[in-house]
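Below you'll find the structure, written out as structure tokens, and then a few comments.
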Amino acid sequence: MLVVKIGGGDSINLDGIARDLSTVEGPKVIVHGANALRDRLARRLGVEKRILTSVSGYTSVYSDAELIDVMLLAYAGLGNKRIVESFQAHGVNAVGLTGLDGALVRGMRNKGIRVRENGKTRIMRDLSGKPVAVNRKLLGLLLDNDFVPVVTVPIIDERNVAINSENDDIVALLSAALAPKLVVQLIEAPGFLEDENDPSSVVAHIPREDLARREREATGRMKRKLLAIRRLVASGSTRVVIADGRSEHPVADVMAGKGTVIG
């Protein structure tokens with residue numbers, strides 16, 4: 001079992017990922033982002049994107065009803081279906097889904113995010129939450145019949161409403177359900193960098209006992225990614241590799257030992 005998280009940046013080589021995965025035997029689940037596409041569509045539609053930073057330093061996008069609509073266009077629509085199209089072109093029988101479809105990923109809505117703004121602490125409430133359960137019956141039905149699920153946000157909450165969530169948390173939840181041998185995180189960098197401004201500073205290996213320190217020191221999206229990975233590897237023997245999704249052969253490079261191995 002292989003789980004692959006495809007980052008949502010513009011420079012990710014989707015065709016190369018699809019080509020590589022067409023040669024990988026066994027069941028696979030794909031989780032993908034679409035943040036660059038979301039941002040472009042939001043600008044075209046005149047929807048303001050607002051970034052929240054929690055008091056503990058984690059960033060997230062404020063998800064009101066307008067932003068959820070943009071996400072449905074970007075993640076569930078164009079982003080998801082272009083990935084499915086690329087996979088099908090390379091003989092990978094992909095099925096595109098959000099967490100909404102068949103209640104594949106169910107979550108609990110956040111009761112509020114404590115943020116610091118203008119020197120004051122506020123509680124912000126929006127349409128976001130944490131994934132808590134996977135529809136194993138639906139997932140098994142697809143995998144047992146040689147389909148490759150291609151999964152993205154939004155997910156469905158306890159009120160049966162679409163909510164935003166972190167795809168890295170969805171990866172961790174799916175991994176807990178499927179116990180994959182390998183989770184591949186494909187990003188717009190050669191791996192986890194000691195210096196985020198120096199692409200040659202790839203850290204080859206991060207032991208699980210060092211993840212908490214790395215998370216504390218990280219900033220931006222990497223900080224949240226490391227939090228999800230730390231939870232993922234806390235129990236079990238799953239190996240995680242953070243690698244370059246922009247290369248000519250992103251998945252093959254991982255199999256050849258490139259990137260950052262965690263665990």
Side-chain angles (χ1 to χ4, degrees), residues 1-8 12 14-34 72 75-77 79-108 130-158 160 162-163 165-186 228-229 231-241 243 245 249-252 254-255 263:
M1 169 61 68
L2 173 66
V3 174
V4 178
K5 162 68 190 310
I6 302 174
I12 297 293
L14 296 177
D15 196 58
I17 295 168
R19 187 186 309 110
D20 284 355
L21 286 174
S22 71
T23 68
V24 177
E25 298 293 333
K28 296 173 278 292
V29 175
I30 313 301
V31 179
H32 74 86
L72 287 167
Y75 287 76
N80 186 270
K81 298 316 168 194
R82 286 301 189 194
I83 292 174
V84 170
E85 176 188 41
S86 184
F87 277 37
Q88 290 287 351
H90 289 283
V92 178
N93 200 9
V95 177
L97 299 162
T98 70
L100 284 170
D101 298 296
L104 179 64
V105 181
R106 191 170 284 280
M108 289 290 293
K130 302 290 185 186
V132 296
V134 175
N135 185 337
R136 293 177 183 238
K137 182 177 180 181
L138 175 55
L139 202 57
L141 182 66
L142 293 168
L143 293 171
D144 290 347
N145 287 280
D146 299 322
F147 293 102
V148 175
V150 178
V151 183
T152 193
V153 288
I155 63 175
I156 187 168
D157 76 357
E158 68 276 19
N160 295 321
I163 59 171
S165 191
E166 292 292 333
N167 271 319
D168 286 321
D169 290 338
I170 293 172
V171 169
L173 184 67
L174 288 169
S175 298
L178 297 170
K181 291 183 178 180
L182 177 63
V183 173
V184 176
Q185 290 264 358
L186 296 173
I229 291 174
R231 291 170 174 166
L232 193 161
V233 302
S235 59
S237 58
T238 297
R239 185 167 61 105
V240 178
V241 179
H249 293 286
V251 180
V254 169
M255 303 305 179

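We use all heavy atoms of the structure for the numbers below, so side chains are in, but hydrogens, waters and symmetry mates are not.
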Would you indicate whether the side-chain heavy atoms of [Y] and [X] approach each other to under 4.5 Å?
X    : Y    : value
V241 : V183 : no
V31  : L174 : yes
Q185 : V240 : yes
V148 : N93  : no
V184 : L182 : yes
I6   : I17  : yes
V153 : I170 : yes
T23  : M255 : no

Do you know which two heavy atoms are closest between [X] and [Y], and how far apart they sit?
X    : Y    : value
V3   : P180 : CG2-CG, 3.8 Å
A133 : L173 : N-CD2, 3.5 Å
A103 : N135 : O-CB, 3.4 Å
S22  : H90  : CB-O, 3.2 Å
G16  : P250 : C-CD, 3.9 Å

Please round to the nearest 0.5 Å and tell me the distance separating atom [atom1] of [X] and atom [atom2] of [Y].
X    : Y    : atom1 : atom2 : value
L97  : F147 : CG    : CZ    : 11.0 Å
I12  : L186 : CD1   : CG    : 6.5 Å
D157 : I163 : CG    : CD1   : 5.0 Å
M108 : I155 : CE    : CD1   : 10.5 Å
L232 : T238 : CG    : OG1   : 6.0 Å

Using the test salt bridge (Lys or Arg N to Asp or Glu O under 4.0 Å), find all partners of [X] that sit at least two apart in sequence or belong to another chain.
X    : value
D168 : K5, K225
R106 : none
E85  : R82

Pair listing, salt bridge (Lys or Arg N to Asp or Glu O under 4.0 Å) test, anchored in residues 17-31, at least two apart: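 Only D15-R19 qualify under salt bridge (Lys or Arg N to Asp or Glu O under 4.0 Å).
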
More than 12 heavy atoms from other groups under 6.0 Å of NZ on K81: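 Above 12, so yes.
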
Side chain to side chain contact (heavy atoms under 4.5 Å, CB included) between L138 and D101, worked out: CA-CA 10 Å; L138 175 55; D101 298 296; 5.7 Å; no

Contacts of T152 that satisfy side-chain contact (heavy atoms from CB on, under 4.5 Å) - sequence neighbours left out: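 In terms of side-chain contact (heavy atoms from CB on, under 4.5 Å), with neighbours along the sequence ignored, T152 is linked to H32, Y75, N80, T98, N167.
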
Pairs meeting criterion side-chain hydrogen bond (donor to acceptor under 3.5 Å, both in side chains) with involvement of residues 138-150, two or more places apart: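 Counting only pairs at least two positions apart or across chains, no side-chain hydrogen bond (donor to acceptor under 3.5 Å, both in side chains) contact touches residues 138-150.
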
Identified side chain to side chain contact (heavy atoms under 4.5 Å, CB included) partner of P149 from the options I30, L143, V95, L104: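 Among the candidates, only L143 passes.
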
